[in-house]
Amino acid sequence: MLLKFIPARVEYPRGLADLDSQLPPPQRRRAIGASPVFRNRLGAVARLAGLACMLLAALTAAATTAARADGCPKPSDEIATDRPDVTNSSIVVPVGSLQSENGVNLTGRDAGRSIDGSNSRWRLGIAPCLEVLVDLPTWFGSVKSPGASGFSDVAPAIKWQISPLPGKIDLSIAAGVALPTGAAAIAGRGAQPYIQLPWSWELHDGWGVSGMFTEFFRPAELTGQHMSEATFVIEKKLTERISMFTEYVGDYPDGARPTQLINSGGVYRITPTQQLDLHVAFGLNRNSPNYIVGLGYSFRVDGLFR
């Protein structure tokens, strides 16, 4: 999801946020044992990889004059959410369906504790393989230490499912902007656009891999105006209702050291259109939160355009 990490205190539209909610401003992050040269090279590699994949998506889109309706999601399909992992779904919601995704996170950083919720995202299918979505303002507050509190920005976006590509790889491209409606201490200053490329590949016996490249822009900030994010997920469907995943999340801001996390969790589908989820994340360097624990509930309502 986009808006996934937290305080100290900056919001990047969901994909970064929920863990869908918690990373410090880029200029304040520090990695263990990472020299500025190593840091900058990693950031450059992440940006180049992300831009290359986005270019590939654009070329694929240009070659595709219209999405084939018979290959797009249908109301009979089970719910596919952008949570609880940072990596968003490569599958859009069906035409005429409204999906609501919600959750709460508890984050530990050094001796401090903070909580955020409800990390709500609304997604509406408006055409075959096309959806509009909006991240609603999320409240952030400190639990055990002094710190800023308040709401994040509202962030509308549009998402197009380009896939399936040859080899049954699902691919989507999304673009949006966080509007300056929240507290500056939480969300930062000015409008913050982003472009995002989630993908997924179903393997065999319930196994699958997925990932996402995101470019965040914060033109109103004096420092840390650009950040690249790369994620990679390995998931396993254990039963018809239960799935588990493990995810790597790396953020590479300009002029600062990267932030890296391992995020693991699972989902339980109560019905084909309702889902409970749980995730636990641990930081891999000093720039990251010590841990993030989150719970969520999502549901979908079909047939709104009848």
Side-chain angles (χ1 to χ4, degrees), residues 1 4 15 18-20 49-50 53 56-57 60 67-94 97 99 101 103 123 125 128-129 131 159-174 196-214 229-250 260-282 284 292-300 302:
M1 302 171 81
K4 291 184 176 181
D18 289 12
L19 242 264
D20 269 124
C53 288
L56 175 62
T60 304
R68 293 180 57 188
D70 58 353
C72 296
K74 299 176 177 59
S76 57
D77 297 339
E78 65 183 17
I79 189 171
T81 64
D82 288 345
R83 56 167 305 116
D85 48 353
V86 174
T87 304
N88 290 342
S89 172
S90 60
I91 307 298
V92 300
V93 297
S97 295
Q99 190 161 298
E101 305 175 8
R123 303 168 59 190
C129 286
E131 71 174 41
K159 182 177 180 180
W160 178 32
Q161 183 179 333
I162 304 168
S163 59
L165 295 178
K168 297 184 179 179
I169 298 177
D170 287 303
L171 178 68
S172 293
I173 186 166
Q196 198 168 68
L197 187 75
W199 60 271
S200 62
W201 185 13
E202 289 191 15
L203 303 176
H204 302 285
D205 301 320
W207 288 95
V209 293
S210 59
M212 186 170 69
F213 295 102
T214 307
E229 180 182 74
T231 70
F232 182 77
V233 184
I234 299 175
E235 54 188 325
K236 169 67 173 176
K237 190 171 185 178
L238 301 179
T239 70
E240 288 301 313
R241 295 191 176 189
I242 301 174
S243 299
M244 306 292 291
F245 72 90
T246 296
E247 173 185 47
Y248 167 79
V249 183
Q260 299 171 318
L261 291 166
I262 290 293
N263 181 38
S264 295
V267 301
Y268 174 72
R269 292 181 181 85
I270 308 170
T271 69
T273 58
Q274 295 184 77
Q275 172 185 294
L276 294 175
D277 64 65
L278 165 70
H279 72 92
V280 179
F282 297 96
L284 299 179
I292 303 171
V293 179
L295 295 169
Y297 169 71
S298 304
F299 65 91
R300 192 183 76 209
D302 300 319

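Hydrogens, waters and symmetry mates are skipped; everything else that's a heavy atom, side chains included, is used.
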Does the side chain of Gln275 pick up a donor-acceptor pair with the side chain of Thr81 at under 3.5 Å? yes
With sequence neighbours left out, what residues match Arg300 under salt bridge (Lys or Arg N to Asp or Glu O under 4.0 Å)? Asp302
Heavy-atom closest contact (Val93 atom, Gln99 atom, distance): CG1-OE1, 3.5 Å
Atom of Met244, atom of Leu238 and distance for their closest heavy-atom approach: CG-CD1, 3.4 Å
Would you say that Leu171 contacts Trp201 through its side chain, given a criterion of any heavy-atom pair below 4.5 Å between the two side chains? no
Less than 4.5 Å apart, side chain to side chain, heavy atoms only: is that true for Ile79 and Gln274? no
Contact summary for Trp160 and Cys129, nearest pair of heavy atoms: CD1-O, 3.0 Å
On a heavy-atom basis, the closest approach of Asp82 and Ser89 is OD1-N, 2.8 Å
What do the steps show when you test Ile270 against Tyr297 for side chain to side chain contact (heavy atoms under 4.5 Å, CB included), and what is the final call? CA-CA 10 Å; Ile270 308 170; Tyr297 169 71; 4.2 Å; yes
Return the CG to CD distance between Leu261 and Glu247, rounded to the nearest 0.5 Å. 9.0 Å
Rounded to the nearest 0.5 Å, how far apart are OG1 of Thr214 and CG of Asn88? 7.0 Å
CD1 of Ile262 to CZ of Phe282: how many Å apart, nearest 0.5 Å? 11.0 Å
Kindly compute the distance separating CG (Asp170) from OG (Ser210), expressed to the nearest 0.5 Å. 10.5 Å
Determine the minimum heavy-atom distance between Met212 and Trp199, stating which atoms define it. N-NE1, 3.9 Å
When you compare the side chain of Tyr248 with that of Leu284, does any pair of heavy atoms fall below 4.5 Å? yes
With a sphere of 6.0 Å drawn around CD1 of Ile234, does it hold more than 12 non-hydrogen atoms of other residues, nucleotides or ligands? no
How long is the straight-line distance from OG of Ser298 back to CZ of Arg269, given to the nearest 0.5 Å? 10.5 Å
Test Tyr268 against Leu278 for side chain to side chain contact (heavy atoms under 4.5 Å, CB included), laying out the working first. CA-CA 9 Å; Tyr268 174 72; Leu278 165 70; over 6 Å; no
Check whether any side-chain N or O of Lys236 sits under 3.5 Å from a backbone N or O of Asp205 as a donor-acceptor pair, and report yes or no. yes
Pairwise distance CD1(Ile91) to CG(Asp77) - rounded to 0.5 angstrom: 8.5 Å
Heavy-atom check, side chain of Lys159 versus side chain of Arg123, under 4.5 Å: yes
Could you check if a side-chain atom of Asn263 sits within less than 4.5 angstrom of a side-chain atom of Phe245, using non-hydrogen atoms only? yes
Any Glu235 side-chain heavy atom under 4.5 Å of Ser243 side chain: no
Any side-chain donor-acceptor pair under 3.5 Å between Ser90 and Ser172? no
Side-chain donor/acceptor of Asp277 to backbone N/O of Gly296, under 3.5 Å: yes
Using modelled atom types only, decide if a donor and an acceptor are shared between the side chain of Gln161 and the backbone of Val92 within a distance under 3.5 Å. yes
